[in-house]
Chemist: 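Okay, handing you the structure first.
So you know, we letter chains A, B, ... as the sequences are listed, proteins then strands, and number each from 1. Here the structure is a predicted model, which means the values were calculated and not measured. Atoms considered below: every heavy atom in the structure, side chains included; atoms not considered: hydrogens, waters and symmetry mates.
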Protein chains: 2
Amino acid sequence: MFSRACEYAIKIMIYIAANEQEGKRTGLKEVTEAISSPEAFTAKILQQLVKNDLLLSFRGPSGGFILNDKKEIRLHDIVVAIDGTHLLNDCILGLNECSSANPCPVHDKFLLVKNQLTESLLSTRVNDEALLKGKNSLKN
Amino acid sequence: MFSRACEYAIKIMIYIAANEQEGKRTGLKEVTEAISSPEAFTAKILQQLVKNDLLLSFRGPSGGFILNDKKEIRLHDIVVAIDGTHLLNDCILGLNECSSANPCPVHDKFLLVKNQLTESLLSTRVNDEALLKGKNSLKN
DNA sequence: TTAATTTCGGACAAATTTATCCTTAATTAG
DNA sequence: CTAATTAAGGATAAATTTGTCCGAAATTAA
Ligand code: SF4
Ligand code: SF4
């Protein structure tokens, strides 16, 4: 469904959000440990999240990452930042044009799925209580 | 969502099913033309569909492919044949364990999406009237 | 029987994604 | 100021997916 990078990104953001709830800034090594991800690859993803204004970064000792909480960050923001809008906007069959007027064979069924997915991603924020609770089940 | 190979596979199956409705057997070149896919790659996918008992193949002049209609083929069968069960069974976040007892952060929201996707794939058959109608919108 | 057609299947190549390595830049603490 | 720490970022490598090439095997038609 999502790229592996995006899976990591979601875990990263949930972990950092939970940490922040306790007033803690989160470093690369800590989050890598917490979600069991390859360190250097995780660093790249963190950079992308910073570039997309979802995180703020600080260098040096006691540096790390915090949420850019000007916005209440939704899972949707994370997925779009890492995987782009293809999953959510493009045709499930990879067709170029999609008109509800002249729908392709599987139009109706998949519109439902896609709408529900989009709605789920839009309505879930990384600082939702349910997500923060699960901070410790992000390994494996 | 699906791999490109799987997108092709779905188009292939819809096209062959529609052709069969008119009593026609379908060849590699014809289906490649009909869905605008790379020929050699399409051949591989056709082989996989044969191996998975979704298609029957015939060599030689006037050869080609027809549905193995011992079963009424569902989109679910195609997706599983090409992409496996990962999309439908595995954790959306890539976690190893998934227990509803001790659910991960995003359990509830995504269970809905996954169930609806699975249900859509299970309930749609390639010989559904709606799909056959769209035979000509598979290009692009 | 011969030639043409069509699928089969292995090897290979290109493109993309995932992951690693290493140097530089910024920041902090002593 | 110096040394330690941490993120930034470029180059590269490994793995996977996508796509190509070509000869072999089967079948049909003449
Ligand atoms: S309506 Fe058809 S063409 Fe459009 S996104 Fe859905 S499956 Fe694709
Ligand atoms: S409940 Fe959590 S662990 Fe299980 S599939 Fe859903 S997101 Fe993944």
Chemist: Atom CG of A:D83 to atom C1' of C:dT16: distance rounded to whole Å?
Modeler: 13 Å

Chemist: On the nucleotide D:dG19, are OP1 or OP2 found under 4.0 Å from the side-chain N or O atoms that B:Y8 carries?
Modeler: yes

Chemist: State whether the side chain of B:D83 and the backbone N or O of B:V80 hold a donor-acceptor pair below 3.5 Å, judged by distance alone.
Modeler: no

Chemist: How close or far is atom C1' of D:dA13 from atom CZ of A:F41, stated in whole angstroms?
Modeler: 14 Å

Chemist: When you measure from the centre of the six-membered ring of A:F65, is the NZ or CZ of A:R25 under 6.0 Å away and within 45° of the axis?
Modeler: no

Chemist: Just N and O in the side chain of B:R4: are any of them under 4.0 Å from OP1 or OP2 of C:dT16?
Modeler: no

Chemist: Does C:dC8 have OP1 or OP2 sitting under 4.0 Å from an N or O in the side chain of B:Q47?
Modeler: no

Chemist: Expressed in angstrom and rounded to an integer, what is the separation of B:L28 atom CG from C:dC8 atom C1'?
Modeler: 11 Å

Chemist: Just compare D:dG9, D:dA8, C:dT7 and give me whichever is closest to any side-chain atom of A:F65.
Modeler: D:dA8

Chemist: Take the protein atom NZ of B:K51 and the nucleotide atom C1' of C:dT7, then report the distance between them rounded to whole Å.
Modeler: 12 Å

Chemist: For B:E20 versus B:L67, what's the shortest heavy-atom pair and its separation?
Modeler: OE1-N, 2.8 Å

Chemist: Round to the nearest Å and state the distance from A:I12 atom CD1 to D:dA7 atom P.
Modeler: 12 Å

Chemist: Thinking salt bridges, do A:R125 and A:D128 make one under a 4.0 Å N-O criterion?
Modeler: no

Chemist: Could you pick out which residue, A:A5 or B:S57, lies toward the 5' side of DNA chain C when each is mapped onto its nearest nucleotide?
Modeler: B:S57

Chemist: For the pair made of CG in B:L46 and C1' in D:dT18, what is the distance, rounded to whole Å?
Modeler: 16 Å

Chemist: Please report, rounded to the nearest Å, how far the P atom of D:dT6 is from the CD1 atom of A:I66.
Modeler: 17 Å

Chemist: Heavy-atom count check: over 12 atoms from other residues, nucleotides or ligands less than 6.0 Å from B:E33 CD?
Modeler: no

Chemist: Rounded to whole angstrom units, what separation is found between the CD atom of A:Q48 and the P atom of D:dG10?
Modeler: 13 Å

Chemist: Would you give a per-nucleotide map of nucleotides 23-28 of chain C, 5' to 3', where B means the base has a protein non-hydrogen atom under 4.0 Å away, S means only the sugar-phosphate does, and - means neither?
Modeler: --BBBB

Chemist: Scan residues 41-52 of chain B for pairs that pass side-chain hydrogen bond (donor to acceptor under 3.5 Å, both in side chains), counting only residues two or more places apart or in two chains.
Modeler: B:S37-B:T42

Chemist: Hey, is the side chain of B:E39 pairing donor to acceptor with the base of D:dG19 inside 3.5 Å?
Modeler: no

Chemist: At less than 3.5 Å, do the side-chain atoms of B:K44 and the base atoms of C:dG10 form a donor-acceptor pair?
Modeler: yes

Chemist: Keeping the roles fixed (side chain from A:K114, backbone from A:D90), state whether a donor-acceptor pair exists under 3.5 Å.
Modeler: yes

